[in-house]
Amino acid sequence: RLERAIVNDAEQRIQCVSEMVRLEFCEHYEIDTQRLFVVPYGVDLDRFRPQRDPRIRAQLRSQWGGDRGTIWLFPGSGFRRKGLRTALEALSLSQDRSAQIWVAGRDKPDPWIRKAKALGVQDRVHFLGPRDDIENLYFAADGVILPTRYDAGALVCLETAASARPLVTSKQCGPAEMLTEAGCVIDMSSDAAAFARALDQFAIEETRLCAGKAGRSIAENHSWDLCAERLRQTYLQVMQTRSDRLPIAAK
């Protein structure tokens, strides 16, 4: 109802956090597309960076059984919507039998532990709980897997890119559209076989490094400072447009 009220007010401009969201507005409403503008979320380039104290990586990998093999981070609460089922199924189908998944988030792990056991991957899945040091987890992991069913502007995507780690996600994830060179974007969030093939692709360190380098380059064009400036420029355009429509006496 709130969304309809905004759309029905022709004076309102609408910020979309991704091109996916802009297209959804066009699909669901009869709206002048000039009222829609895309300004993606930003990322803290200092907090999320590829170079950190190597002791952090060694300590975390030792703690969570990742001293060998490829470590995939599944970050964020809301495991069902973010596609943990697909991630676990992909792990079970992957040819990389040394691969592991670290799950970070506040959801109760019990049903997912049972799912991992049913798939025979319980020894390669670790539930880390909610964390306030997510930047360290990106650094310790080798990549991020996020087979989300729907995410308009998942912050973890640019955080992954800024950390120079490959991202494997679904087309239902808004930021995926600008990170195609920084990992792999799968058409359907439920396609476990396709996600498994992506895990196999990035089992090769050189492939991960190439995607990570591309991701960092993209992230550097999406700092919070640049995000704020893009939003400020849009506000200035809106103010100017409305000012130009006012009667001379009112000015």
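In this text the structure is predicted, and so the values were computed from the model without any measurement.
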- Message: Please check this pair: side chain of Arg57 against backbone of Phe139, looking for a donor-acceptor N/O pair closer than 3.5 Å.
- Response: yes
- Hey, does Asn221 have a side-chain heavy atom less than 4.5 Å from the side chain of Leu226? yes
- Residues that Asp53 engages under side chain to side chain donor-acceptor pair (under 3.5 Å), provided they are two or more places apart: Arg55
- Query: Do Gln237 and Gln233 meet the criterion of a side-chain donor-acceptor pair at a distance under 3.5 Å?
  - Reply: no
Show me the side-chain donor-acceptor pairs of residues 152-163 shorter than 3.5 Å, one per line, residues at least two apart or across chains.
{"residue": "Glu159", "atom": "OE1", "partner": "Tyr138", "partner atom": "OH", "Å": "2.8"}
{"residue": "Thr160", "atom": "OG1", "partner": "Val156", "partner atom": "O", "Å": "2.7"}
{"residue": "Ser163", "atom": "OG", "partner": "Glu159", "partner atom": "O", "Å": "2.8"}

- Query: Which pairs count as salt bridge (charged side-chain N to carboxylate O under 4.0 Å, His left out) when at least one residue sits in residues 38-48, sequence neighbours excluded?
  - Reply: Arg47-Glu135
- Item | Ionic contact status for Glu229 with Arg232, cut-off 4.0 Å | yes
- Shared hydrophobic cluster, Leu73 / Leu60 (ILVMFWY, side-chain heavy atoms < 4.5 Å): yes
- Task: Measure the shortest side-chain to side-chain distance between Lys82 and Leu146 over non-hydrogen atoms and say whether it is less than 4.5 angstrom.
- Result: yes
- Task: Mind jotting down which residue pairs meet the salt bridge (charged side-chain N to carboxylate O under 4.0 Å, His left out) criterion with at least one end in residues 162-178? Sequence neighbours excluded, please.
- Result: Lys171-Asp187
- Note on the structure: Connected to Phe79, directly or through other members, by ILVMFWY side-chain contacts below 4.5 Å are Trp72, Phe74, Leu84, Leu88, Leu91, Ile101, Val103, Trp112, Ile113, Leu119, Val121, Val125, Phe127, Ile145, Val168, Ile186, Phe195, Leu199, Phe202
- Message: Going by side chain to side chain donor-acceptor pair (under 3.5 Å), name the residues that satisfy it together with Gln12, two or more places apart in sequence or in a different chain.
- Response: Asp9
- Task: Would you confirm whether Gln172, through its side chain, and Ser189, through its main-chain N or O, come within 3.5 Å as a donor-acceptor pair?
- Result: yes
- Task: Answer yes when Arg131 and Asp133 have at least one side-chain N-carboxylate O distance shorter than 4.0 Å, and no when they do not.
- Result: yes
- Note on the structure: Taken in chain and number order and not counting sequence neighbours, the residues that satisfy salt bridge (charged side-chain N to carboxylate O under 4.0 Å, His left out) with Arg61 are Asp142
- Query: Mind checking what makes side chain to side chain donor-acceptor pair (under 3.5 Å) contact with Asp132, not counting sequence neighbours?
  - Reply: none
- Quick check: are there more than 12 heavy atoms from other residues, nucleotides or ligands sitting under 6.0 Å from OH of Tyr150? yes
- Item | All salt bridge (charged side-chain N to carboxylate O under 4.0 Å, His left out) counterparts of Arg81, not counting sequence neighbours | Asp151
- Output all residues satisfying salt bridge (charged side-chain N to carboxylate O under 4.0 Å, His left out) with Arg85, sequence neighbours left out; order by chain, then residue number. Glu89
- Item | side chain to side chain donor-acceptor pair (under 3.5 Å) evaluation trace for Ser223 with Asp225 | CA-CA 5 Å; Ser223 68; Asp225 285 344; 5.1 Å; no
- Note on the structure: Across all chains, not counting sequence neighbours, the salt bridge (charged side-chain N to carboxylate O under 4.0 Å, His left out) partners of Arg80 are none
- Task: Kindly give the cluster partners of Leu236, where membership spreads through any ILVMFWY side chain lying under 4.5 Å from a current member.
- Result: none
- Path from Val185 to Tyr41 over hydrophobic side-chain contacts below 4.5 Å: no
- Task: Flag yes if Leu36 and Ile6 sit in one hydrophobic cluster, no otherwise; membership is Ile, Leu, Val, Met, Phe, Trp, Tyr, and two members link when side-chain heavy atoms are under 4.5 Å apart.
- Result: yes
